[in-house]
Each structure stands twice: as C-alpha cells, then as structure tokens.
Amino acid sequence: MTQYTYPAEPPYGQQVQPVQPAAGQPAQLAAQFAQRFQLLAGNIERIIRGKRETVELALICLFAEGHVLVEDVPGTGKTTLARSLAASVDAEWRRVQFTPDLLPSDITGVSIFNQAHQKFEFHHGPVFANIVLADEINRASPKTQAALLEVMEERRVTVDAEPHPVPRPFLVVATQNPVDMDGTYPLPEAQLDRFLMKISVGYPHHAAEVEVLKGMPTGPQVERLPVVARASDVSGMIDFAARIHVADPVYDYIVALCGATRTSPRLRLGASPRASLALLRAARVKAAAAGRHYVVPEDVKALAVPVLAHRLILTPEAELREITAAAVLGEIIAGTPVPQAA
C-alpha cells in the first residue's frame with residue numbers, strides 16, 4: 001500500500017501571492033480560509049435551506065477557478081443558488097436568459113463603429129462579470145453555446161482578432177432542466193468538459209421546506225443577503241488554494257482514478273487530462289475549506305463523482321442496462337487502492 005506523509009511546510013512557489021494577511025504559517029492561513037469559506041456557505045444557506053453540500057460544491061468551483069453546471073427540475077432553486085452566491089460576494093454579476101434566438105454577440109459583446117472617433121469600439125457583453133448566470137443554457141443554439149467555450153477555458157473573449165480578458169474571479173453558473181427537452185440543444189461533450197462540476201440541488205427535506213414556508217414572504221431574501229466577502233478576498237483565497245500541498249501518492253491516486261475510466265468496458269469515453277487537473281484543483285480547495293494545508297485521498301474521493309461523472313460517455317450496452325456514470329465511478333473508486341498516511 002502506498003504511503004505518504006503530511007508536510008509541515010508545503011513547497012510554496014514564489015510566483016503566487018499569498019492570501020492576506022501575507023504573514024502566517026500554512027496551517028494558520030488554511031484556518032483563515034476555512035473560516036471565510038464557512039462564512040460564505042452559511043450566508044448562502046440562509047436562502048438555500050438544507051443543502052449545505054450543494055452550496056459547498058458551488059463554492060469549491062468558485063475558489064478552484066472552475067465553472068458549475070446545475071441540472072435539476074424546475075423550482076428547486078437552481079437560479080436562486082447562483083443569485084445567493086453572487087449576493088454574498090461584493091463582485092459584479094450578470095444573468096443571461098438563454099433562448100433560441102440568442103446570438104453569440106449577445107453574450108460576448110460586439111464592435112460598433114464610432115463615427116466621432118472614426119474607429120470601431122468594443123462594447124462588452126454580459127460575460128464580462130465576476131459571476132455569470134447562464135440560465136437554461138440548453139435552450140440556446142449550439143452556435144451560441146459555443147460562444148462560452150473560449151471564455152470558460154481561457155478567461156478571455158476574442159473579437160475581431162483582439163483578446164479581451166474577463167475580470168477575476170470569474171465563475172459561470174449554468175442551469176438546465178432534465179425535463180421538457182423539446183426544442184433544446186444538449187450541451188456537446190467539449191462544452192461539458194469545460195464545467196468543473198455538474199451538480200443538482202434536489203428537493204429539500206421536510207424540516208427545511210417547512211422553514212421555507214414559514215419564512216415567506218417576510219423571511220430572508222436574496223436582495224437582503226449581506227455581503228461577506230470582497231472580490232479581492234476571493235482572489236486571495238484562489239491563490240492560496242492553488243498552493244495547497246499535494247503528496248506524490250495523491251497525484252498517483254488521481255491519475256489512477258482517471259486512467260481507470262479510460263479502460264472501463266462500460267465507458268466509451270473516459271476522463272481526459274483536463275479532468276485530472278480539475279479534480280486536483282477541486283481537491284485542493286476542499287482541503288483548504290477543511291482547514292488543512294495538504295490534500296488527503298478522502299478529498300479526492302469526495303469530489304470524484306461531481307467532477308468526473310458528466311465527462312464520461314457510457315457504452316450503448318451500459319445505457320440499455322440503465323447504468324449511470326456515477327455508478328461506474330463508484331465501482332472504480334471502490335476498486336482503486338487508496339494511499340495510506342505514513
């Protein structure tokens with residue numbers, strides 16, 4: 001069994017600025033990260049009752065500089081989750097309602113000729129915000145969906161051969177309904193791979209739904225949520241999470257999990273190297289959110305399904321047997337040796 005040791009001081013690089021305050025031991029900074037993370041999660045949970053795990057997954061996407069796809073039936077709070085997250089951070093956010101007639105320029109922006117200056121000027125679209133809600137993304141045409149490909153991966157928009165960077169932090173929260181699929185355009189695999197996670201909110205449990213009913217209409221509302229973090233705070237937390245120590249056996253464990261999906265007889269398409277990187281980034285944030293300055297295999301196992309499942313394509317035989325990608329991943333996780341701490 002592979003063993004690894006917990007470091008006292010992770011090998012930090014010099015190119016990334018530490019989270020404020022600059023001075024402090026890694027364990028102290030990790031504790032500060034965890035405190036701010038839980039403060040944000042608790043603030044959002046004032047609106048999204050009884051869904052702590054879902055809220056934390058969305059926050060992990062924010063601090064891992066990824067994007068999240070929320071798929072669930074209507075009325076479960078997909079849009080409210082995105083709005084609550086945006087309201088908790090003092091940052092710019094925009095909402096785009098995806099419809100069949102939406103054009104790519106409606107998202108990215110367009111160059112307009114200025115007669116006074118006799119030149120074209122670029123007018124920014126709604127994607128130039130810190131948090132972008134792409135509501136019902138599967139109702140727009142593939143051409144419009146593809147307008148998000150570059151900005152989600154490279155955090156910039158190229159118009160007329162001129163790159164325009166988006167602000168930092170940058171998070172796309174896309175929603176879609178698994179029902180009423182007439183007239184929709186399923187996201188292609190290339191775009192699904194751009195999302196760090198695919199999650200669902202789900203129905204609240206009984207007690208949480210009772211609290212929601214009791215709180216209406218005078219209870220907590222998104223517009224009344226207090227701001228508990230600045231955009232600069234989020235950027236500092238992103239930088240710190242990127243420096244969380246990962247031992248070599250944990251690297252091997254991540255690669256082993258993703259590699260097993262490529263050889264599974266039930267999968268036609270396994271996880272790509274981008275998926276391995278995504279799982280690594282998410283595991284680092286989860287470790288920091290737990291107050292640790294190092295990643296443990298349990299962080300990887302906890303995030304494997306939301307990070308990897310939507311990137312996998314089942315074989316026709318597996319689909320006929322109604323086997324899910326999450327079930328296949330569960331078998332892979334159970335059959336992959338976990339490195340043990342020394």
Side-chain angles (χ1 to χ4, degrees), residues 10 12-13 15-19 26 29-30 32-34 36-41 44 52-70 81-82 85-86 88-89 91 130-132 134 148 151-155 166-174 191-199 229 231-246 250-251 253-255 257-258 271-311:
Y12 286 168
Q15 71 278 14
V16 183
Q17 295 299 320
V19 67
L29 296 176
Q32 294 173 16
F33 185 106
R36 180 61 58 83
F37 186 95
Q38 297 304 325
L39 180 63
L40 276 166
I44 297 172
R52 185 71 172 210
E53 181 180 358
T54 301
V55 170
E56 291 186 353
L57 288 176
L59 287 174
I60 288 174
C61 288
L62 174 64
F63 294 119
E65 289 196 293
H67 310 285
V68 58
L69 176 63
V70 189
L81 172 62
L85 194 158
S88 299
V89 180
N130 297 111
I131 300 175
V132 179
L148 288 173
V151 68
M152 289 176 66
E153 182 67 19
E154 302 178 23
R155 286 170 172 74
V166 295
R168 188 178 189 244
F170 177 67
L171 171 71
V172 173
V173 182
Q191 187 149 6
L192 281 174
D193 202 37
R194 276 0 186 239
F195 287 98
L196 181 69
M197 293 186 195
K198 180 180 178 182
I199 64 176
S232 59
D233 296 329
V234 175
S235 296
M237 294 172 73
I238 290 172
D239 290 340
F240 175 74
R243 296 150 55 121
I244 293 295
H245 177 71
V246 182
V250 178
Y251 282 120
Y253 182 57
I254 293 174
V255 174
L257 285 177
C258 293
S272 66
R274 180 188 287 144
S276 302
L277 292 169
L279 186 54
L280 173 63
R281 299 202 319 267
R284 277 180 158 143
V285 176
K286 186 168 181 61
R292 284 182 276 103
H293 61 278
Y294 51 85
V295 176
V296 296
E298 286 70 23
D299 298 325
V300 177
K301 291 175 65 175
L303 296 172
V305 172
V307 172
L308 300 180
H310 65 284
R311 307 170 192 267

**Message:** Under the criterion side chain to side chain contact (heavy atoms under 4.5 Å, CB included), I'd like the reasoning laid out for Leu59 against Ile44: C-alpha separation, chi angles, the key distance, then a yes or no.
**Reply:** CA-CA 10 Å; Leu59 287 174; Ile44 297 172; 4.1 Å; yes
**Prompt:** What's the spacing between Arg281 CZ and Cys61 SG if we round to 0.5 Å?
**Reply:** 9.0 Å
**By side chain to side chain contact (heavy atoms under 4.5 Å, CB included) - contacts of Ala174 (at least two apart)** = Leu69, Ala134, Ile137, Phe195
**Request:** Mind checking ring-ring contact (aromatic ring centres under 6.0 Å, His included) for His67 and listing every partner two or more places apart, or none if nothing turns up?
**Result:** Phe170
**Message:** When you compare the side chain of Val172 with that of Arg194, does any pair of heavy atoms fall below 4.5 Å?
**Reply:** no
**Request:** Check step by step if side chain to side chain contact (heavy atoms under 4.5 Å, CB included) holds for Leu81 and Thr54.
**Result:** CA-CA 9 Å; Leu81 172 62; Thr54 301; 4.1 Å; yes
**Asked** Given side chains that start at C-beta, do those of Met237 and Gln32 come closer than 4.5 Å, heavy atoms only?
**Response** no
**Message:** Is it the case that the side chain of Asp239 and the backbone of Gly236 share a donor-acceptor pair, with hydrogens and angles ignored and the cut-off at 3.5 Å?
**Reply:** no
**Request:** Please report the shortest heavy-atom distance between Ala91 and Asn130, naming the atom on each side.
**Result:** CB-OD1, 3.3 Å
**Message:** Could you check whether atom CD of Glu154 has more than 12 heavy atoms from other residues, nucleotides or ligands sitting under 6.0 Å from it?
**Reply:** yes
**Message:** Ignoring hydrogens, what is the shortest heavy-atom contact between Arg292 and Ile244? Give both atom names and the distance.
**Reply:** O-CD1, 3.8 Å
**Fill in**
Note: Ala302 and Lys286 closest approach over all heavy atoms is CB-CE, 3.6 Å
**Inter-residue atom distance Phe33.CZ - Asp233.CG, 0.5 Å rounding** = 11.5 Å
**Request:** Could you grab the distance from atom CG of Leu62 to atom CG of Leu57, nearest 0.5 Å is fine?
**Result:** 13.0 Å
**Request:** Mind listing the closest non-hydrogen atom pair of Ala275 and Val307 along with its distance?
**Result:** O-CG1, 4.3 Å
**Message:** Between Arg274 and Asp193, does the side chain to side chain contact (heavy atoms under 4.5 Å, CB included) criterion hold? Intermediate values first, please.
**Reply:** CA-CA 8 Å; Arg274 180 188 287 144; Asp193 202 37; 2.8 Å; yes
**Distance, nearest 0.5 Å, that separates CG of Leu277 from OG of Ser272** = 8.5 Å
**Fill in**
Val246 meets the side chain to side chain contact (heavy atoms under 4.5 Å, CB included) criterion, sequence neighbours left out, with Val250, Tyr251, Leu280, Arg284, Val295
**Item:** Distance (rounded to the nearest 0.5 Å) between Ser88 OG and Leu40 CG
**Value:** 6.0 Å
**Prompt:** Are the side chain of Arg155 and the backbone of Glu65 linked by a donor-acceptor contact shorter than 3.5 Å?
**Reply:** yes
**Request:** Grab the two heavy atoms, one from Ile254 and one from Ser276, that are nearest each other, plus how far apart they are.
**Result:** CG2-O, 3.8 Å
**Request:** Quickly, which of Val55, Ile60, Val70 forms a side chain to side chain contact (heavy atoms under 4.5 Å, CB included) with Ile199? Name it, please.
**Result:** Val70
**Request:** Heavy atoms only: give me the nearest Leu196-Arg311 pair and the separation to one decimal.
**Result:** O-NH2, 3.3 Å
**Asked** Can you tell me how far the CZ atom of Arg243 sits from the NE2 atom of His293, to the nearest 0.5 Å?
**Response** 12.5 Å
